[in-house]
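This report refers to the structure that appears directly beneath it.
Sequence positions, counted from 1, serve as the residue numbers for this chain. Note that the structure is a prediction, hence the values are computed from the model and not measured.
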Amino acid sequence: MCANMSQTSPWAVGILMLWSCGAIAQEAEKRDVQEQNLQKQNVQKQSVQKRGVQKQGVQQRGARDQEALEKAFSDRLENAIFQGTWQVTDEEGLRGQGKLSDPKTDRYTIVSAKKMLNDRWLIMARIQYGEKDATVPIPIRVVWAGDTPVITLDELTIPFMGTYSARVMVHRNFYAGTWFGDCYGGIMSGQIVKAGVQGDARVGNVAGDRVVPEVVISANPKTGEVVFVEISENAVDFTKGAMSGEDGKSTKTSYLSVVRREVPIWKRGKGGTLVLSFDRMMGDAETFMGPVAFDTDTEDWHGSRNGLGSIFGPMLGKSILLKADGGGRILSASGMEDIFFEVQDHASSMFLFAQMESELTDDAVKYRWGDSIWAFYPDEGVRIGDTWTRTVRRNDVYLGQLEYRYRCSLDGVGLENERRMARIGYEAEIRLLDGAGRARRFNTLVTFQEGHIEGYAMYDLERGEIVNMSETERSTAIGESDGTQPGEVVPVEFKRTVERTMRILTADERRAQREPVKTDE
(Lines give C-alpha, C1' and ligand atoms only; values in the text may rest on other atoms or scores of the structure.)
Protein backbone atom coordinates (compact mmCIF):
# COMPACT_ATOMS: atom_id res chain seq x y z
CA MET A 1 0.00 0.00 0.00
CA CYS A 2 2.83 2.42 0.77
CA ALA A 3 4.34 1.95 -2.63
CA ASN A 4 0.97 2.79 -4.23
CA MET A 5 0.46 5.85 -2.04
CA SER A 6 3.73 7.32 -3.16
CA GLN A 7 2.27 7.39 -6.70
CA THR A 8 -1.15 8.90 -5.61
CA SER A 9 -2.15 12.63 -5.57
CA PRO A 10 -2.23 14.27 -2.11
CA TRP A 11 -5.89 15.18 -2.53
CA ALA A 12 -6.88 11.61 -3.27
CA VAL A 13 -4.98 10.43 -0.24
CA GLY A 14 -6.74 12.99 1.91
CA ILE A 15 -10.19 11.90 0.71
CA LEU A 16 -9.39 8.24 1.23
CA MET A 17 -8.22 8.92 4.74
CA LEU A 18 -11.35 10.91 5.56
CA TRP A 19 -13.69 8.19 4.37
CA SER A 20 -11.75 5.49 6.11
CA CYS A 21 -12.24 7.28 9.44
CA GLY A 22 -15.98 7.95 8.77
CA ALA A 23 -15.37 11.71 9.30
CA ILE A 24 -18.36 14.04 9.04
CA ALA A 25 -17.49 17.55 10.13
CA GLN A 26 -17.83 21.14 9.25
CA GLU A 27 -15.74 22.78 6.53
CA ALA A 28 -13.13 24.06 8.95
CA GLU A 29 -12.80 20.65 10.53
CA LYS A 30 -12.39 19.14 7.04
CA ARG A 31 -9.57 21.57 6.28
CA ASP A 32 -7.86 20.63 9.54
CA VAL A 33 -8.17 16.96 8.72
CA GLN A 34 -6.86 17.53 5.21
CA GLU A 35 -3.84 19.41 6.53
CA GLN A 36 -3.17 16.66 9.03
CA ASN A 37 -3.44 14.05 6.31
CA LEU A 38 -1.13 15.97 4.05
CA GLN A 39 1.44 15.98 6.82
CA LYS A 40 0.95 12.24 7.28
CA GLN A 41 1.39 11.76 3.57
CA ASN A 42 4.68 13.61 3.57
CA VAL A 43 5.89 11.46 6.44
CA GLN A 44 4.79 8.33 4.56
CA LYS A 45 6.49 9.46 1.37
CA GLN A 46 9.69 10.08 3.28
CA SER A 47 9.36 6.63 4.83
CA VAL A 48 8.87 5.07 1.39
CA GLN A 49 11.89 6.89 0.02
CA LYS A 50 13.94 5.82 3.01
CA ARG A 51 12.91 2.19 2.53
CA GLY A 52 13.75 2.51 -1.17
CA VAL A 53 17.21 3.71 -0.27
CA GLN A 54 17.52 0.87 2.22
CA LYS A 55 16.32 -1.63 -0.41
CA GLN A 56 18.81 -0.24 -2.90
CA GLY A 57 21.49 -0.54 -0.26
CA VAL A 58 20.54 -4.19 0.22
CA GLN A 59 20.89 -4.76 -3.52
CA GLN A 60 24.24 -3.02 -3.52
CA ARG A 61 25.34 -5.05 -0.57
CA GLY A 62 24.10 -8.17 -2.46
CA ALA A 63 26.50 -7.38 -5.27
CA ARG A 64 29.27 -6.73 -2.78
CA ASP A 65 28.37 -9.86 -0.83
CA GLN A 66 28.46 -12.22 -3.82
CA GLU A 67 31.63 -13.62 -2.31
CA ALA A 68 29.70 -14.39 0.88
CA LEU A 69 26.98 -16.19 -1.11
CA GLU A 70 29.61 -18.24 -2.89
CA LYS A 71 31.33 -19.11 0.38
CA ALA A 72 28.01 -20.21 1.88
CA PHE A 73 27.38 -22.37 -1.20
CA SER A 74 30.84 -23.91 -0.91
CA ASP A 75 30.36 -24.58 2.81
CA ARG A 76 26.94 -26.15 2.21
CA LEU A 77 28.36 -28.56 -0.35
CA GLU A 78 31.57 -29.48 1.46
CA ASN A 79 31.36 -32.97 2.96
CA ALA A 80 27.64 -33.11 2.12
CA ILE A 81 25.36 -35.87 0.85
CA PHE A 82 22.67 -35.30 -1.77
CA GLN A 83 20.19 -38.03 -0.99
CA GLY A 84 16.87 -38.35 -2.76
CA THR A 85 15.27 -39.89 -5.82
CA TRP A 86 15.51 -39.71 -9.58
CA GLN A 87 13.22 -40.65 -12.44
CA VAL A 88 13.97 -41.31 -16.07
CA THR A 89 12.20 -41.37 -19.43
CA ASP A 90 13.17 -42.24 -22.99
CA GLU A 91 13.09 -40.28 -26.26
CA GLU A 92 9.30 -40.34 -26.39
CA GLY A 93 9.12 -39.00 -22.85
CA LEU A 94 11.54 -36.21 -23.76
CA ARG A 95 9.07 -35.21 -26.46
CA GLY A 96 6.25 -35.21 -23.91
CA GLN A 97 4.76 -38.43 -25.27
CA GLY A 98 5.92 -40.86 -22.60
CA LYS A 99 5.90 -41.26 -18.84
CA LEU A 100 8.58 -41.01 -16.20
CA SER A 101 9.72 -44.17 -14.45
CA ASP A 102 8.97 -44.83 -10.80
CA PRO A 103 11.28 -42.95 -8.39
CA LYS A 104 14.61 -44.63 -7.65
CA THR A 105 17.02 -43.86 -4.85
CA ASP A 106 20.25 -42.01 -5.60
CA ARG A 107 23.06 -40.66 -3.46
CA TYR A 108 25.85 -38.20 -4.25
CA THR A 109 28.56 -37.40 -1.72
CA ILE A 110 30.22 -34.03 -2.33
CA VAL A 111 33.75 -33.95 -0.95
CA SER A 112 34.32 -30.29 -1.81
CA ALA A 113 33.20 -27.44 -4.06
CA LYS A 114 35.75 -24.86 -5.13
CA LYS A 115 35.26 -21.79 -7.31
CA MET A 116 37.77 -21.58 -10.17
CA LEU A 117 37.22 -18.62 -12.53
CA ASN A 118 34.14 -16.48 -13.20
CA ASP A 119 31.16 -18.88 -12.92
CA ARG A 120 33.30 -22.02 -13.20
CA TRP A 121 33.52 -24.39 -10.22
CA LEU A 122 35.15 -27.74 -9.56
CA ILE A 123 33.17 -30.26 -7.51
CA MET A 124 34.77 -33.42 -6.15
CA ALA A 125 31.89 -35.89 -6.02
CA ARG A 126 31.41 -39.53 -5.15
CA ILE A 127 28.70 -40.79 -7.48
CA GLN A 128 26.74 -43.92 -6.62
CA TYR A 129 23.96 -45.39 -8.74
CA GLY A 130 23.32 -48.94 -9.81
CA GLU A 131 26.68 -50.73 -9.73
CA LYS A 132 28.60 -47.48 -10.27
CA ASP A 133 30.68 -46.03 -7.42
CA ALA A 134 33.46 -43.57 -8.15
CA THR A 135 34.85 -40.26 -6.89
CA VAL A 136 35.61 -37.84 -9.70
CA PRO A 137 36.23 -34.10 -10.21
CA ILE A 138 33.32 -32.49 -12.07
CA PRO A 139 33.74 -29.04 -13.65
CA ILE A 140 30.44 -27.14 -13.55
CA ARG A 141 28.98 -23.67 -14.01
CA VAL A 142 27.06 -22.07 -11.17
CA VAL A 143 24.39 -19.62 -12.37
CA TRP A 144 22.72 -17.47 -9.74
CA ALA A 145 18.97 -16.81 -9.67
CA GLY A 146 19.10 -13.99 -7.14
CA ASP A 147 20.60 -15.62 -4.06
CA THR A 148 19.88 -19.17 -5.28
CA PRO A 149 22.62 -21.17 -7.04
CA VAL A 150 21.81 -23.40 -10.02
CA ILE A 151 24.35 -26.10 -10.87
CA THR A 152 24.70 -26.22 -14.65
CA LEU A 153 26.20 -28.99 -16.81
CA ASP A 154 26.25 -29.00 -20.62
CA GLU A 155 27.32 -32.18 -22.45
CA LEU A 156 29.84 -32.99 -19.73
CA THR A 157 31.63 -36.34 -19.89
CA ILE A 158 31.98 -37.77 -16.38
CA PRO A 159 34.82 -40.31 -16.18
CA PHE A 160 33.61 -43.92 -16.32
CA MET A 161 29.98 -42.73 -16.21
CA GLY A 162 28.90 -41.09 -19.45
CA THR A 163 28.00 -37.69 -20.91
CA TYR A 164 25.30 -35.63 -19.20
CA SER A 165 23.60 -32.24 -19.06
CA ALA A 166 21.74 -30.95 -16.00
CA ARG A 167 20.18 -27.98 -14.20
CA VAL A 168 20.00 -28.49 -10.43
CA MET A 169 18.79 -25.77 -8.05
CA VAL A 170 20.13 -25.72 -4.49
CA HIS A 171 17.88 -23.90 -1.99
CA ARG A 172 18.69 -24.09 1.69
CA ASN A 173 19.17 -27.80 2.36
CA PHE A 174 17.24 -29.16 -0.61
CA TYR A 175 17.97 -29.74 -4.29
CA ALA A 176 15.80 -30.27 -7.36
CA GLY A 177 16.40 -30.29 -11.08
CA THR A 178 16.55 -31.99 -14.45
CA TRP A 179 19.20 -34.20 -16.07
CA PHE A 180 19.77 -35.56 -19.58
CA GLY A 181 21.87 -38.29 -21.15
CA ASP A 182 22.29 -39.11 -24.83
CA CYS A 183 18.66 -39.99 -25.66
CA TYR A 184 17.07 -40.09 -22.24
CA GLY A 185 16.63 -37.84 -19.22
CA GLY A 186 14.54 -37.09 -16.20
CA ILE A 187 14.25 -35.29 -12.88
CA MET A 188 15.89 -35.50 -9.47
CA SER A 189 15.23 -34.05 -6.03
CA GLY A 190 16.12 -34.60 -2.42
CA GLN A 191 17.72 -33.35 0.75
CA ILE A 192 21.25 -32.17 1.52
CA VAL A 193 22.73 -33.50 4.75
CA LYS A 194 26.23 -33.34 6.18
CA ALA A 195 28.30 -36.50 6.05
CA GLY A 196 30.46 -37.67 8.92
CA VAL A 197 34.19 -37.23 8.46
CA GLN A 198 35.81 -40.60 7.72
CA GLY A 199 39.52 -40.88 8.31
CA ASP A 200 41.94 -38.68 6.41
CA ALA A 201 39.92 -38.51 3.19
CA ARG A 202 41.42 -35.49 1.50
CA VAL A 203 40.29 -34.01 -1.79
CA GLY A 204 41.70 -35.89 -4.74
CA ASN A 205 42.55 -39.03 -2.81
CA VAL A 206 39.16 -40.61 -2.38
CA ALA A 207 37.57 -43.38 -4.45
CA GLY A 208 34.56 -44.84 -2.73
CA ASP A 209 35.48 -45.48 0.89
CA ARG A 210 39.15 -46.12 0.22
CA VAL A 211 42.16 -43.87 -0.22
CA VAL A 212 43.75 -43.96 -3.67
CA PRO A 213 47.54 -43.70 -3.57
CA GLU A 214 49.49 -41.60 -6.01
CA VAL A 215 49.70 -43.01 -9.52
CA VAL A 216 52.75 -42.38 -11.68
CA ILE A 217 51.82 -41.34 -15.21
CA SER A 218 54.95 -41.41 -17.33
CA ALA A 219 56.00 -42.46 -20.82
CA ASN A 220 57.23 -46.05 -20.65
CA PRO A 221 56.67 -47.92 -23.95
CA LYS A 222 58.02 -51.46 -24.06
CA THR A 223 61.38 -52.00 -25.76
CA GLY A 224 61.10 -54.20 -28.84
CA GLU A 225 57.30 -54.07 -29.00
CA VAL A 226 55.59 -53.39 -32.31
CA VAL A 227 52.19 -51.68 -32.31
CA PHE A 228 50.23 -49.49 -34.72
CA VAL A 229 49.19 -45.92 -33.89
CA GLU A 230 46.09 -44.58 -35.63
CA ILE A 231 45.10 -40.90 -35.82
CA SER A 232 41.85 -39.78 -37.43
CA GLU A 233 40.69 -36.22 -38.08
CA ASN A 234 37.39 -34.78 -39.22
CA ALA A 235 37.64 -31.08 -40.00
CA VAL A 236 35.07 -28.44 -40.93
CA ASP A 237 36.37 -25.20 -42.41
CA PHE A 238 34.04 -22.22 -42.56
CA THR A 239 34.94 -19.26 -44.77
CA LYS A 240 33.01 -16.03 -44.97
CA GLY A 241 33.64 -13.28 -47.49
CA ALA A 242 35.28 -13.04 -50.93
CA MET A 243 34.39 -16.07 -53.08
CA SER A 244 32.53 -17.70 -50.14
CA GLY A 245 29.96 -14.90 -50.02
CA GLU A 246 28.46 -13.03 -47.09
CA ASP A 247 26.63 -16.10 -45.78
CA GLY A 248 29.80 -18.13 -45.79
CA LYS A 249 30.62 -21.63 -46.98
CA SER A 250 31.67 -24.81 -45.17
CA THR A 251 33.91 -27.58 -46.47
CA LYS A 252 34.70 -30.92 -44.85
CA THR A 253 37.82 -33.07 -44.89
CA SER A 254 38.54 -36.39 -43.22
CA TYR A 255 41.92 -38.06 -42.83
CA LEU A 256 43.09 -41.26 -41.18
CA SER A 257 46.74 -42.21 -40.76
CA VAL A 258 48.31 -45.34 -39.30
CA VAL A 259 52.00 -45.78 -38.49
CA ARG A 260 53.82 -48.93 -37.45
CA ARG A 261 55.70 -48.11 -34.26
CA GLU A 262 58.83 -49.89 -33.12
CA VAL A 263 60.77 -49.13 -29.94
CA PRO A 264 64.43 -50.15 -30.54
CA ILE A 265 65.49 -48.96 -27.12
CA TRP A 266 63.77 -47.40 -24.13
CA LYS A 267 64.98 -46.95 -20.57
CA ARG A 268 62.56 -45.85 -17.91
CA GLY A 269 63.46 -42.40 -16.65
CA LYS A 270 65.97 -41.86 -19.47
CA GLY A 271 63.92 -42.16 -22.66
CA GLY A 272 64.79 -43.64 -26.02
CA THR A 273 63.79 -43.72 -29.68
CA LEU A 274 60.64 -44.50 -31.65
CA VAL A 275 60.67 -45.61 -35.28
CA LEU A 276 57.42 -44.80 -37.09
CA SER A 277 56.72 -46.23 -40.56
CA PHE A 278 53.73 -45.01 -42.57
CA ASP A 279 51.40 -48.00 -42.93
CA ARG A 280 48.06 -46.55 -44.03
CA MET A 281 46.89 -43.20 -45.39
CA MET A 282 43.24 -42.48 -46.08
CA GLY A 283 41.55 -39.21 -46.99
CA ASP A 284 38.27 -37.74 -48.14
CA ALA A 285 38.36 -34.06 -49.11
CA GLU A 286 36.08 -31.52 -50.73
CA THR A 287 37.80 -29.38 -53.35
CA PHE A 288 36.65 -26.78 -55.86
CA MET A 289 36.86 -29.56 -58.45
CA GLY A 290 34.65 -31.91 -56.42
CA PRO A 291 35.20 -34.59 -53.78
CA VAL A 292 38.46 -36.56 -53.71
CA ALA A 293 38.93 -39.81 -51.77
CA PHE A 294 41.73 -42.36 -51.45
CA ASP A 295 42.73 -45.24 -49.15
CA THR A 296 46.10 -46.98 -49.44
CA ASP A 297 44.57 -50.11 -47.88
CA THR A 298 42.23 -50.65 -50.82
CA GLU A 299 43.63 -48.76 -53.80
CA ASP A 300 46.80 -48.87 -55.89
CA TRP A 301 48.38 -45.44 -56.11
CA HIS A 302 50.89 -46.23 -58.86
CA GLY A 303 49.96 -44.28 -61.95
CA SER A 304 46.96 -42.76 -60.21
CA ARG A 305 46.20 -39.13 -60.96
CA ASN A 306 44.15 -38.84 -57.79
CA GLY A 307 45.70 -35.98 -55.82
CA LEU A 308 45.53 -37.82 -52.51
CA GLY A 309 46.94 -41.00 -54.01
CA SER A 310 49.93 -39.13 -55.43
CA ILE A 311 50.64 -37.67 -51.98
CA PHE A 312 49.91 -40.66 -49.75
CA GLY A 313 51.31 -43.45 -51.94
CA PRO A 314 54.99 -42.44 -51.88
CA MET A 315 54.84 -42.20 -48.06
CA LEU A 316 53.98 -45.87 -47.52
CA GLY A 317 56.73 -47.84 -45.80
CA LYS A 318 58.87 -44.75 -45.24
CA SER A 319 60.10 -44.17 -41.70
CA ILE A 320 60.65 -41.26 -39.38
CA LEU A 321 62.58 -41.26 -36.11
CA LEU A 322 61.46 -39.63 -32.86
CA LYS A 323 63.74 -39.18 -29.87
CA ALA A 324 62.24 -38.61 -26.42
CA ASP A 325 63.58 -38.01 -22.93
CA GLY A 326 62.52 -39.83 -19.78
CA GLY A 327 59.93 -37.19 -18.93
CA GLY A 328 57.85 -37.79 -22.04
CA ARG A 329 59.19 -34.82 -24.00
CA ILE A 330 59.88 -35.30 -27.70
CA LEU A 331 63.37 -33.98 -28.33
CA SER A 332 63.56 -34.27 -32.12
CA ALA A 333 62.07 -35.76 -35.29
CA SER A 334 63.92 -36.65 -38.45
CA GLY A 335 63.36 -38.38 -41.78
CA MET A 336 60.53 -36.32 -43.22
CA GLU A 337 62.72 -34.30 -45.56
CA ASP A 338 63.53 -37.29 -47.78
CA ILE A 339 59.86 -38.32 -47.80
CA PHE A 340 58.86 -34.78 -48.82
CA PHE A 341 61.09 -34.79 -51.90
CA GLU A 342 59.73 -38.16 -53.02
CA VAL A 343 56.14 -36.95 -52.60
CA GLN A 344 57.04 -33.77 -54.46
CA ASP A 345 58.28 -35.78 -57.44
CA HIS A 346 54.87 -37.43 -57.76
CA ALA A 347 52.48 -34.71 -56.66
CA SER A 348 54.05 -31.28 -57.21
CA SER A 349 51.51 -30.48 -59.93
CA MET A 350 48.56 -31.48 -57.75
CA PHE A 351 46.40 -28.76 -56.18
CA LEU A 352 46.13 -30.68 -52.88
CA PHE A 353 49.92 -30.88 -52.56
CA ALA A 354 50.07 -27.11 -52.08
CA GLN A 355 47.47 -27.40 -49.32
CA MET A 356 49.24 -30.24 -47.49
CA GLU A 357 52.82 -29.12 -48.02
CA SER A 358 53.10 -27.62 -44.55
CA GLU A 359 52.34 -31.04 -42.97
CA LEU A 360 55.30 -32.72 -44.68
CA THR A 361 58.00 -31.32 -42.37
CA ASP A 362 59.94 -32.69 -39.41
CA ASP A 363 58.35 -30.11 -37.09
CA ALA A 364 54.83 -31.05 -38.19
CA VAL A 365 55.57 -34.76 -37.72
CA LYS A 366 57.17 -34.11 -34.32
CA TYR A 367 53.96 -32.46 -33.11
CA ARG A 368 51.46 -34.78 -34.83
CA TRP A 369 53.00 -38.13 -33.83
CA GLY A 370 54.86 -37.01 -30.73
CA ASP A 371 54.03 -33.85 -28.80
CA SER A 372 50.26 -33.93 -29.42
CA ILE A 373 50.13 -37.41 -27.85
CA TRP A 374 52.86 -37.13 -25.22
CA ALA A 375 52.05 -33.65 -23.91
CA PHE A 376 49.98 -35.03 -21.02
CA TYR A 377 52.65 -36.87 -19.02
CA PRO A 378 53.32 -35.24 -15.63
CA ASP A 379 56.14 -37.78 -15.06
CA GLU A 380 55.46 -37.78 -11.33
CA GLY A 381 53.02 -39.12 -8.81
CA VAL A 382 49.58 -37.49 -9.04
CA ARG A 383 46.24 -38.02 -7.32
CA ILE A 384 42.68 -37.62 -8.52
CA GLY A 385 42.00 -33.90 -8.92
CA ASP A 386 45.68 -32.89 -9.28
CA THR A 387 46.57 -30.58 -12.17
CA TRP A 388 49.78 -29.89 -14.08
CA THR A 389 50.92 -27.92 -17.12
CA ARG A 390 53.05 -28.65 -20.16
CA THR A 391 54.13 -26.39 -23.01
CA VAL A 392 55.14 -27.57 -26.48
CA ARG A 393 56.05 -25.61 -29.58
CA ARG A 394 56.08 -26.26 -33.28
CA ASN A 395 57.10 -24.25 -36.29
CA ASP A 396 54.45 -23.68 -38.95
CA VAL A 397 56.05 -22.97 -42.33
CA TYR A 398 53.46 -20.27 -43.00
CA LEU A 399 52.57 -18.71 -39.65
CA GLY A 400 55.81 -19.03 -37.68
CA GLN A 401 56.27 -20.59 -34.25
CA LEU A 402 53.12 -21.77 -32.45
CA GLU A 403 52.99 -22.49 -28.73
CA TYR A 404 50.55 -24.96 -27.15
CA ARG A 405 49.97 -24.39 -23.44
CA TYR A 406 48.39 -27.52 -21.98
CA ARG A 407 46.63 -27.67 -18.63
CA CYS A 408 45.97 -31.25 -17.56
CA SER A 409 44.17 -32.94 -14.66
CA LEU A 410 43.79 -36.49 -13.38
CA ASP A 411 40.02 -36.99 -13.62
CA GLY A 412 39.77 -40.54 -12.34
CA VAL A 413 41.21 -44.03 -12.08
CA GLY A 414 39.17 -47.14 -12.80
CA LEU A 415 38.63 -50.20 -14.96
CA GLU A 416 37.85 -49.99 -18.66
CA ASN A 417 37.69 -53.17 -20.74
CA GLU A 418 39.15 -54.99 -17.74
CA ARG A 419 42.27 -52.81 -17.73
CA ARG A 420 43.24 -50.26 -15.08
CA MET A 421 43.09 -46.85 -16.69
CA ALA A 422 43.71 -43.26 -15.66
CA ARG A 423 41.65 -40.59 -17.39
CA ILE A 424 43.46 -37.31 -18.07
CA GLY A 425 41.39 -34.27 -18.99
CA TYR A 426 43.14 -31.40 -20.73
CA GLU A 427 42.79 -28.13 -22.54
CA ALA A 428 45.33 -26.04 -24.42
CA GLU A 429 45.64 -22.48 -25.63
CA ILE A 430 47.33 -22.00 -29.00
CA ARG A 431 49.19 -18.77 -29.56
CA LEU A 432 51.85 -17.34 -31.85
CA LEU A 433 55.38 -16.63 -30.68
CA ASP A 434 57.80 -15.42 -33.33
CA GLY A 435 56.61 -13.67 -36.46
CA ALA A 436 53.45 -11.73 -37.16
CA GLY A 437 51.31 -14.77 -37.82
CA ARG A 438 50.47 -13.60 -41.32
CA ALA A 439 50.72 -16.00 -44.23
CA ARG A 440 49.83 -15.64 -47.90
CA ARG A 441 47.98 -18.67 -49.20
CA PHE A 442 47.25 -18.36 -52.90
CA ASN A 443 45.49 -14.98 -53.26
CA THR A 444 44.66 -14.48 -49.57
CA LEU A 445 46.72 -12.96 -46.75
CA VAL A 446 45.77 -14.87 -43.57
CA THR A 447 46.29 -13.64 -39.99
CA PHE A 448 45.99 -16.18 -37.16
CA GLN A 449 43.74 -15.00 -34.32
CA GLU A 450 43.37 -17.69 -31.65
CA GLY A 451 43.09 -21.41 -31.08
CA HIS A 452 41.91 -23.73 -28.31
CA ILE A 453 41.98 -27.50 -27.71
CA GLU A 454 40.04 -29.54 -25.18
CA GLY A 455 39.84 -33.29 -24.74
CA TYR A 456 40.84 -36.32 -22.71
CA ALA A 457 43.44 -39.09 -22.86
CA MET A 458 43.32 -42.62 -21.39
CA TYR A 459 46.56 -43.85 -19.81
CA ASP A 460 46.98 -47.60 -19.42
CA LEU A 461 48.64 -48.10 -16.04
CA GLU A 462 49.78 -51.60 -17.04
CA ARG A 463 51.20 -50.69 -20.45
CA GLY A 464 52.74 -47.46 -19.18
CA GLU A 465 51.49 -45.20 -21.98
CA ILE A 466 48.50 -43.33 -23.38
CA VAL A 467 46.49 -45.76 -25.51
CA ASN A 468 43.68 -43.54 -26.79
CA MET A 469 42.60 -39.93 -26.77
CA SER A 470 39.88 -37.68 -28.16
CA GLU A 471 39.95 -33.92 -28.62
CA THR A 472 38.35 -30.95 -30.35
CA GLU A 473 40.44 -28.11 -31.74
CA ARG A 474 38.96 -24.76 -32.72
CA SER A 475 40.81 -21.88 -34.34
CA THR A 476 39.97 -18.60 -36.02
CA ALA A 477 41.74 -16.34 -38.47
CA ILE A 478 41.00 -13.31 -40.59
CA GLY A 479 42.26 -12.52 -44.05
CA GLU A 480 42.40 -10.14 -46.97
CA SER A 481 41.65 -11.55 -50.41
CA ASP A 482 42.17 -10.00 -53.81
CA GLY A 483 38.92 -8.68 -55.23
CA THR A 484 37.62 -8.74 -58.77
CA GLN A 485 38.80 -5.19 -59.46
CA PRO A 486 42.46 -4.12 -59.62
CA GLY A 487 43.68 -3.14 -56.17
CA GLU A 488 40.45 -4.28 -54.49
CA VAL A 489 40.84 -5.97 -51.09
CA VAL A 490 38.03 -8.09 -49.65
CA PRO A 491 37.94 -9.10 -45.94
CA VAL A 492 37.65 -12.82 -45.21
CA GLU A 493 36.90 -14.73 -41.98
CA PHE A 494 38.05 -18.28 -41.27
CA LYS A 495 36.87 -20.73 -38.61
CA ARG A 496 38.16 -24.27 -38.29
CA THR A 497 36.91 -27.12 -36.08
CA VAL A 498 38.76 -30.45 -35.94
CA GLU A 499 37.56 -33.57 -34.13
CA ARG A 500 40.64 -35.73 -33.57
CA THR A 501 41.14 -39.21 -32.07
CA MET A 502 44.17 -41.43 -31.47
CA ARG A 503 44.36 -45.08 -30.50
CA ILE A 504 46.94 -47.83 -30.32
CA LEU A 505 46.19 -50.98 -32.34
CA THR A 506 47.65 -54.42 -31.92
CA ALA A 507 49.03 -56.29 -34.92
CA ASP A 508 45.85 -58.40 -35.03
CA GLU A 509 43.63 -55.31 -35.02
CA ARG A 510 45.65 -53.77 -37.83
CA ARG A 511 45.48 -57.01 -39.79
CA ALA A 512 41.69 -57.00 -39.45
CA GLN A 513 41.61 -53.54 -41.03
CA ARG A 514 43.51 -54.76 -44.06
CA GLU A 515 41.48 -57.95 -44.34
CA PRO A 516 37.94 -57.18 -43.20
CA VAL A 517 35.85 -60.21 -42.34
CA LYS A 518 33.43 -61.06 -45.14
CA THR A 519 29.89 -61.98 -44.19
CA ASP A 520 27.43 -64.00 -46.23
CA GLU A 521 24.61 -61.90 -47.56
I need the minimum non-hydrogen distance between [X] and [Y], along with the two atoms involved.
| X | Y | answer |
| --- | --- | --- |
| W388 | I424 | CZ2-CG2, 3.9 Å |
| E465 | P221 | OE1-CB, 4.2 Å |
| P314 | K318 | O-NZ, 3.1 Å |
| L461 | V413 | CD1-CG1, 4.0 Å |
| I320 | G335 | CG2-C, 4.1 Å |
| P378 | R390 | N-NH1, 4.4 Å |

Determine, for [X] against [Y], whether the closest basic-nitrogen to carboxylate-oxygen distance falls under 4.0 angstrom.
| X | Y | value |
| --- | --- | --- |
| D363 | K366 | no |
| R510 | D297 | yes |
| R503 | E509 | no |

Candidate pair R514 and D279, rule side-chain contact (heavy atoms from CB on, under 4.5 Å), full reasoning: CA-CA 10 Å; R514 295 194 193 96; D279 193 71; 2.8 Å; yes
Side chain to side chain donor-acceptor pair (under 3.5 Å) pairs, two or more places apart, involving residues 268-278: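 Every side chain to side chain donor-acceptor pair (under 3.5 Å) pair that includes a residue of residues 268-278, provided the two are not neighbours, is S277-S319.
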Pairwise side-chain contact, [X] with [Y], heavy-atom cut-off 4.5 Å (strictly under):
| X | Y | value |
| --- | --- | --- |
| E454 | R474 | yes |
| V142 | D119 | no |
| L402 | L432 | yes |
| K222 | V263 | no |
| V365 | I339 | no |
| D154 | R167 | yes |
| M502 | V229 | yes |
| E262 | L274 | no |

Ring geometry between Y426 and F376 (parallel below 30°, tilted from 30 to 60°, perpendicular above 60°):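 Ring orientation of F376 relative to Y426: parallel.
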Parallel, tilted or perpendicular, as decided by the 30° and 60° cut-offs, for the rings of Y404 and Y406: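 Answer is parallel, since the angle falls under 30°.
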Could you tell me the separation between the [atom1] atom of [X] and the [atom2] atom of [Y], rounded to the nearest 0.5 Å?
| X | Y | atom1 | atom2 | answer |
| --- | --- | --- | --- | --- |
| W266 | N220 | CH2 | CG | 8.0 Å |
| E233 | R500 | CD | CZ | 4.0 Å |
| T501 | N234 | OG1 | CG | 8.0 Å |
| T476 | K495 | OG1 | NZ | 8.0 Å |
| I478 | K240 | CD1 | NZ | 13.5 Å |
| Y108 | I138 | OH | CD1 | 9.5 Å |

With distance as the sole test, does [X] use its side chain to make a donor-acceptor pair with the main-chain N or O of [Y] at under 3.5 Å?
| X | Y | answer |
| --- | --- | --- |
| Y377 | I466 | yes |
| H452 | A428 | yes |
| T296 | R280 | no |
| D371 | W374 | no |
| S74 | E70 | no |
| N118 | R120 | no |

Counterpart residues, side-chain contact (heavy atoms from CB on, under 4.5 Å), relative to D362 (two or more places apart):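 With sequence neighbours excluded, D362 shows a side-chain contact (heavy atoms from CB on, under 4.5 Å) to M336, given in chain and number order.
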Near [X] [atom1], under 6.0 Å, is it more than 12 heavy atoms from other residues, nucleotides or ligands?
| X | atom1 | result |
| --- | --- | --- |
| E337 | CD | no |
| K323 | NZ | no |
| F228 | CZ | yes |
| K252 | NZ | no |

Criterion side-chain contact (heavy atoms from CB on, under 4.5 Å) on I151 and F73, from CA distance to verdict: CA-CA 11 Å; I151 297 173; F73 176 65; 4.1 Å; yes
Pair T472-E499, side-chain donor/acceptor within less than 3.5 Å: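 Yes, side-chain donor-acceptor contact under 3.5 Å.
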Residue pair V492, T239: steps toward the side-chain contact (heavy atoms from CB on, under 4.5 Å) verdict: CA-CA 7 Å; V492 188; T239 308; 3.5 Å; yes
